[in-house]
Amino acid sequence: MEIDRKLTTASNLVAAKDQELGFGNVFSDHMLVRDWADGEWGRAMITPREPIPVEPSALGIHYGQSVFEGLKAYRGSQDGVIRLFRPDRNAARLKASSERLCIPTLPAEEFLECIQQLVATDSTWVPKEREHALYVRPMVFASEGHLSVRPAQCYKLVITTAPVAPYFSSRSRALRLKAESRFTRAASGGTGSAKTSGNYAPTLWPMASAAAEGFDQILWLDAQEHTFAEEAGQMNIFFRIGDEVVTPELSGTILPGVTRESALKLLEDWGVNAGTRRISMEELARASEDGSLLEIFGAGTAAVIASVASISYLGKEISAAPPSSGSLAERLREELLGIQYGERQDPHNWTHVVG
Ligand SMILES: *Cc1c(COP(=O)(O)O)cnc(C)c1O
């Protein structure tokens with residue numbers, strides 16, 4: 001696959017070094033754009049990052065026909081080699097999300113090639129500090145202007161990258177979640193398993209009110225009964241109850257996270273009794289009371305593994321046991337980071353070297 005290139009003559013890299021790195025406040029020099037029209041993808045172009053013209057009636061903005069992805073490029077802490085973590089899983093998920101939203105799919109090899117070349121172009125933007133990374137954000141949206149609610153006839157793929165610091169700045173502090181028993185994120189038959197724009201704006205209001213009450217994140221519950229745990233914000237959620245580790249099963253309302261899938265595999269490798277099923281708030285409340293709720297943690301590309309201290313549910317506090325040194329959350333976090341930063345064996349060939 002050939003990709004056209006027009007490189008910048010005015011890199012922002014030096015200026016960016018003076019800015020304090022957060023999560024998404026700094027962007028790299030280049031982006032990749034590729035249009036779909038007349039039934040096929042056109043040539044991909046890597047160009048200096050700049051605003052893109054948008055048709056004012058673009059169906060993607062009006063009706064939310066758009067999908068996105070999120071992955072990171074990591075610089076090896078010892079060898080300096082840049083690696084992507086399971087980008088083939090992001091390619092597969094983008095395909096599944098696209099199909100759900102009637103968006104033309106992008107062949108996996110082409111997705112991987114676009115990301116490889118874009119990251120290679122801005123390789124100097126991949127941070128050197130461990131736990132920092134170059135976040136890669138591919139998105140496809142309906143660019144055709146029209147008023148009808150129907151699949152568009154033109155689309156645009158845009159891939160941008162951003163050097164990022166760890167998502168939760170206070171890594172040592174475990175999160176406090178609010179189990180949201182009024183608003184829901186995803187209903188059966190809806191789009192919860194697709195990474196599509198429309199799933200996120202409706203979470204802003206509940207998240208803002210949870211934040212105002214002092215919580216770090218929301219624990220989403222099922223839309224039907226408001227009793228089963230689903231996801232923690234933009235992370236999948238895990239519970240260690242007695243001798244088993246469980247995460248909600250992929251029932252259509254859960255986003256199939258790459259970190260979730262990788263954590264389940266590692267736990268299986270380690271001989272931990274790990275599985276997927278429905279987990280009710282009642283079960284969690286009981287486990288918290290009898291002391292068998294040993295750990296709660298979220299999993300996602302941005303935050304890797306984030307420990308959760310407690311969940312507030314209908315005014316009651318569901319707490320995990322006090323943190324211990326042998327926590328699975330910490331072990332998973334170190335294993336994933338070790339593989340991502342090229343420090344540990346990668347027996348499942350999860351990492352793809354860039355360049
Ligand atoms: C992206 C996302 C996740 C995490 O997926 P990863 O592939 O692990 O980054 C979990 N839940 C939601 C709602 C998401 O959008």
Side-chain angles (χ1 to χ4, degrees), residues 23-24 64 66-74 84-98 100-101 108 111-112 115 131 133-140 161-162 164 166-168 175 177 180 183-187 190-204 206-207 210 216-223 228-239 247-267 276 296-306 308 329 332-333 335-337 339-340 348 350-352:
F23 197 93
S66 74
V67 290
F68 69 98
E69 268 306 322
L71 65 159
K72 284 173 173 171
Y74 308 82
L84 299 164
F85 185 74
R86 307 190 74 184
D88 48 311
R89 301 307 298 144
N90 298 95
R93 190 170 63 192
L94 184 69
K95 179 166 183 284
S97 301
S98 298
R100 178 67 180 82
L101 273 290
F111 175 87
L112 297 175
I115 288 173
E131 297 195 30
L134 189 70
Y135 187 86
V136 181
R137 166 54 59 84
M139 75 126 19
V140 186
T161 67
V164 294
Y167 192 72
F168 291 111
L175 306 175
L177 307 185
E180 176 57 70
F183 298 103
T184 56
R185 189 192 86 90
T191 56
S193 64
K195 231 172 159 70
T196 177
S197 314
N199 287 345
Y200 299 85
T203 68
L204 298 177
M207 290 213 296
D216 300 301
Q217 267 295 355
I218 280 178
L219 177 69
W220 296 106
L221 305 180
D222 74 287
F228 297 99
E230 296 226 312
E231 295 204 53
Q234 286 83 251
M235 293 185 292
N236 294 111
I237 186 87
F238 284 76
F239 303 96
T247 186
E249 63 192 345
L250 299 179
S251 55
T253 56
I254 309 263
L255 199 286
V258 179
T259 319
R260 172 189 181 277
E261 186 183 307
S262 309
L264 282 171
K265 186 75 195 152
L266 289 175
L267 292 167
T276 68
I296 310 172
F297 53 90
T301 297
V304 196
I305 300 286
V308 173
L332 280 171
R333 184 185 169 83
E335 189 69 23
L336 286 168
L337 290 172
I339 294 169
Q340 290 162 345
H348 302 295
W350 281 343
T351 57
H352 291 210

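All ligand and atom numbering here is 1-based and tracks the order in the structure. Keep in mind that this is a model prediction, so the values were computed, not measured.
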**Student:** Taking only heavy atoms of Arg93, which atoms of ligand 1 are found under 4.0 Å from at least one of them?
**Tutor:** 5 (O), 6 (P), 7 (O)
**Student:** Hey, is Arg89 touching ligand 1 through its side chain, its backbone, both or neither, going by heavy atoms under 4.0 Å?
**Tutor:** neither
**Student:** Can you check whether Glu69's main-chain N or O pairs, donor with acceptor, with Arg137's side chain at less than 3.5 Å?
**Tutor:**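 Such a contact is found between Arg137 side chain and Glu69 backbone.
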**Student:** Do we see a donor-acceptor contact under 3.5 Å between the side chains of Asn236 and Thr259?
**Tutor:**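 Thr259 and Asn236 do not have a side-chain donor-acceptor pair below 3.5 Å.
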**Student:** Side-chain contact test, heavy atoms from C-beta onward, threshold under 4.5 Å: evaluate it for Arg89 versus Trp350 and give yes or no.
**Tutor:** no
**Student:** Please report the shortest heavy-atom distance between Gly190 and Arg100, naming the atom on each side.
**Tutor:** O-NH2, 3.3 Å
**Student:** Is there a side-chain contact between Ile115 and Leu71 in this structure, where contact means two heavy atoms from C-beta onward sitting under 4.5 Å apart?
**Tutor:**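 Yes, at least one pair of side-chain atoms sits under 4.5 Å.
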**Student:** Only heavy atoms of Gly257, strictly under 4.0 Å: list the atoms of ligand 1 that pass.
**Tutor:**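 Near Gly257, the atoms of ligand 1 are 5 (O), 6 (P), 7 (O), 8 (O).
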**Student:** Would you say the side chain of Gln217 lies within less than 4.5 Å of the side chain of Val308, judging by non-hydrogen atoms?
**Tutor:** no
**Student:** In ligand 1, which numbered atoms sit nearer than 4.0 Å to a non-hydrogen atom of Tyr200?
**Tutor:**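 Selected atoms, number and element: 13 (C), 14 (C), 15 (O).
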**Student:** Atom 4 (C) of ligand 1: which protein heavy atom is closest, and how many Å away?
**Tutor:**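 Of every protein heavy atom, Gln234 O, 3.7 Å lies nearest to atom 4 (C) of ligand 1.
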**Student:** Could a heavy atom of Arg185 be found less than 4.0 Å from some atom of ligand 1?
**Tutor:** yes
**Student:** What part of Thr259, side chain, backbone, both or neither, has a heavy atom within less than 4.0 angstrom of ligand 1?
**Tutor:** both
**Student:** Do the non-hydrogen side-chain atoms of Thr203 and Phe183 ever get within less than 4.5 Å of each other?
**Tutor:** no
**Student:** With the threshold set at 4.0 Å, does a side-chain nitrogen-carboxylate oxygen contact exist between Glu230 and Arg185?
**Tutor:**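 Salt bridge between Glu230 and Arg185, a charged N being under 4.0 Å from a carboxylate O: no.
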**Student:** Hey, is ligand 1 close enough to Val258 that some N/O pair sits below 3.5 Å?
**Tutor:**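 Yes, since at least one N or O of Val258 sits under 3.5 Å from an N or O of ligand 1.
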**Student:** With atom 12 (C) of ligand 1 as the reference point, say which of Arg86, Glu231, Lys72, Glu69 has the nearest heavy atom.
**Tutor:** Glu231
**Student:** Which atoms from ligand 1 have a heavy atom of Asn236 less than 4.0 Å away?
**Tutor:** 10 (C)
**Student:** Give me the nearest non-hydrogen protein atom to atom 2 (C) of ligand 1 as residue plus atom name, then the distance to 0.1 Å.
**Tutor:**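 I find the closest protein heavy atom is Lys195 NZ, 2.6 Å.
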**Student:** Which of the atoms of ligand 1 are close to Thr301, meaning less than 4.0 Å from one of its heavy atoms?
**Tutor:**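 Contacts of ligand 1 toward Thr301, numbered from 1: 6 (P), 7 (O), 8 (O), 9 (O).
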